Amino acid sequence: MSIAPNFVPNDSNFFRADAGISQETPRYAVSIRCPHCRELGSFNCLGSARAYSKVGKIGVNQAVAMYYAAIRVCPNVKCKGLVFVIEDDKGTVEIEPPQLLDFNPEGLSPRLQQTLKEAVACHGAGAYRAAAMMVRRLLEEICEENNAAGANLHQRLAALKSAIVLPEPLFEAMNELKALGNDATHVEAKAYDNIGTDEAQDSIELAKEIVKSLYQLKGLIARLQSRKAI
């Protein structure tokens, strides 16, 4: 049974087979990022998948759609992590544990590592406003680590501009991340219309570029220079 593009389930919890569970069925490998080792790979089923149905609507009409649930295993031989994947005929619908955005902790202080890790975890769990708030916290910590003082984050970011060297677009990105974090924190803030998966992911990607330029680029250059012939 194929899934109509405008099918809306009555119960959005795809871990509930509210219209019944049917036969076991083979499924192809799916390409996902492992939530355990964060490597991309083709995940095969351990055995067969189980087909099940959910009730919902297509427009105003009642409908039933088919989904497939299976335990899959990471192909990375150093990981072999297990994930539970739910698919429809168009692709992956839900993954537990959730896929996480990748980031490089090298060169970051333990505090910055933990904050960025929490932002990524919030995004993976669907807590998008919390992810934006953690990115805003990351900016606060960067200011503190670089002795950029001020009465509020706006003033601290202005002081940071005199304390560090970064490309101008990254300073502009910091102000956008501050605004997004303010919207996530304060009810009255209205700079952004929505904070969803795309906004949260973009904020994390920008944060990664900031810490890469500020903390990791020098280490990368130093590693390259160390390989020069003497």
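This is a predicted model, so every value here is computed, not measured. One-based numbering along the sequence shown.
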Flag, side chain of Asp11 to backbone of Phe14, donor-acceptor distance under 3.5 Å:
no

pair Arg129-Asp183: side-chain heavy atoms closer than 4.5 Å = no

Separation between CD1 (Ile86) and CZ (Arg50), nearest 0.5 Å, reads 14.0 Å

| request: Taking atom types as modelled, find out whether Asn182 and Arg136 have a side-chain donor-acceptor pair closer than 3.5 angstrom. | output: yes

Leu138 and Ala207 have their tightest heavy-atom pair at CD2-CB, 3.7 Å

| said: Could you check whether any side-chain N or O of Asn152 sits under 3.5 Å from a backbone N or O of His154, counting only pairs where one atom can act as donor and the other as acceptor? | reply: yes

**Request:** For residues Ser109 and Tyr215, determine if any side-chain heavy atom of one lies less than 4.5 Å from a side-chain heavy atom of the other.
**Result:** no

- Message: A side-chain contact here means heavy atoms from C-beta on lying under 4.5 Å apart; do Lys212 and Leu217 qualify?
- Response: no

d(Ile71 CD1, Ser48 OG) to nearest 0.5 Å is 12.5 Å

query = Among the clusters formed by ILVMFWY side chains lying less than 4.5 Å apart, do Leu206 and Ile195 turn up in the same one?
reply = no

Minimal heavy-atom distance between Ser53 and Met66, with the atoms involved, is OG-SD, 3.7 Å

message: Would you say that Tyr67 contacts Asp89 through its side chain, given a criterion of any heavy-atom pair below 4.5 Å between the two side chains?
response: no

Report task. Determine yes or no for a side-chain-to-main-chain donor-acceptor pair under 3.5 angstrom, with Thr185 supplying the side chain and Gly181 the backbone. Result -> yes

- Item | pair Asp202-Leu180: side-chain heavy atoms closer than 4.5 Å | no

**Prompt:** Among the clusters formed by ILVMFWY side chains lying less than 4.5 Å apart, do Ile210 and Ile204 turn up in the same one?
**Reply:** yes

Review point. Do Lys80 and Cys74 pass the side-chain contact (heavy atoms from CB on, under 4.5 Å) test, and can you show the C-alpha distance, the side-chain angles, and the key distance before you say yes or no?
Key: CA-CA 5 Å; Lys80 294 295 182 182; Cys74 177; 5.7 Å; no

For Val55 and Ala19 the tightest heavy-atom approach is CG1-CB, 3.6 Å

Could you tell me whether Lys161 and Glu168 make a salt bridge, using a distance below 4.0 angstrom between a side-chain N and a carboxylate O?
yes

Do the side chain of Ser22 and the main chain of Ala51 share a donor and acceptor less than 3.5 angstrom apart? yes

To the nearest 0.5 Å, atom CG of Leu116 lies from atom CD of Glu141 at 10.0 Å

Answer yes or no: is there a donor N or O on one side and an acceptor on the other, between the side chain of His123 and the main chain of Tyr128, under 3.5 Å? no

- In the single-linkage hydrophobic clustering (I, L, V, M, F, W, Y; side-chain heavy atoms under 4.5 Å), do Leu177 and Leu170 co-cluster? yes

Do Gln216 side-chain atoms and Asn104 backbone N/O form a donor-acceptor pair below 3.5 Å? yes

Tested for side-chain contact (heavy atoms from CB on, under 4.5 Å) against Met174, the lone hit among Val135, Leu157, Leu153 is Leu157

One should read off an interatomic distance between His36 NE2 and Cys79 SG, to the nearest 0.5 angstrom, of 6.0 Å

Item checked: Side-chain donor or acceptor of Glu24 paired with backbone N/O of Ala49 under 3.5 Å -> no

Next on the checklist: Assigning hydrophobic clusters by single linkage (Ile, Leu, Val, Met, Phe, Trp, Tyr; side-chain heavy-atom cutoff under 4.5 Å), is Tyr52 placed with Phe84?
Outcome noted: yes

Checklist line | Residue pair Val83 / Pro97, side-chain heavy-atom distance below 4.5 Å | finding: yes

(request) Start with the C-alpha gap between Arg137 and Glu140, add the side-chain angles, then the distance that decides, and say whether salt bridge (charged side-chain N to carboxylate O under 4.0 Å, His left out) holds. (result) CA-CA 5 Å; Arg137 178 184 175 90; Glu140 296 270 11; over 6 Å; no

**Request:** May I have the step-by-step check of salt bridge (charged side-chain N to carboxylate O under 4.0 Å, His left out) for Arg156 and Glu144, ending in yes or no?
**Result:** CA-CA 9 Å; Arg156 288 191 284 275; Glu144 185 174 342; over 6 Å; no

Is the closest side-chain heavy-atom distance between Glu94 and Val85 below 4.5 Å?
-> no

key: Verdict with reasoning, Leu40 to Ile32, per side-chain contact (heavy atoms from CB on, under 4.5 Å)   = CA-CA 6 Å; Leu40 285 171; Ile32 60 176; over 6 Å; no

- Query: Backbone N or O of Gln201 within a donor-acceptor pair of the Glu205 side chain at under 3.5 Å?
  - Reply: no

What one should report as the nearest heavy-atom pair of Ala125 and Pro98 is N-CG, 4.4 Å

*Are more than 12 heavy atoms from other residues, nucleotides or ligands located less than 6.0 Å from atom CZ of Arg111?*
yes

* **Minimum side-chain heavy-atom gap Leu214-Val165 below 4.5 Å** => no

- request: Verify, without hydrogens or angle tests, whether Lys54 (side chain) and Asn10 (backbone) share a donor-acceptor contact under 3.5 angstrom.
  value: no

For Glu87 and Arg72: C-alpha separation, side-chain torsions, deciding distance, then whether salt bridge (charged side-chain N to carboxylate O under 4.0 Å, His left out) applies.
CA-CA 12 Å; Glu87 314 163 74; Arg72 295 176 178 268; 2.8 Å; yes

Please tell me whether Phe7 and Phe15 are part of a single hydrophobic cluster in this structure, the criterion being side-chain heavy atoms less than 4.5 Å apart. yes

Would Lys208 and Phe103 count as a cation-pi pair here, with the cationic atom under 6.0 angstrom from the ring centre and within 45° of the axis?
no

Of all heavy-atom pairs linking Phe171 and Leu166, the shortest is CE1-O, 3.4 Å

Interatomic distance, CD@Glu106 vs CD@Gln113, rounded to 0.5 Å, equals 10.0 Å

Closest heavy-atom pair, Arg33 versus Leu100, reported as atoms and distance to 0.1 Å, is CD-O, 3.0 Å

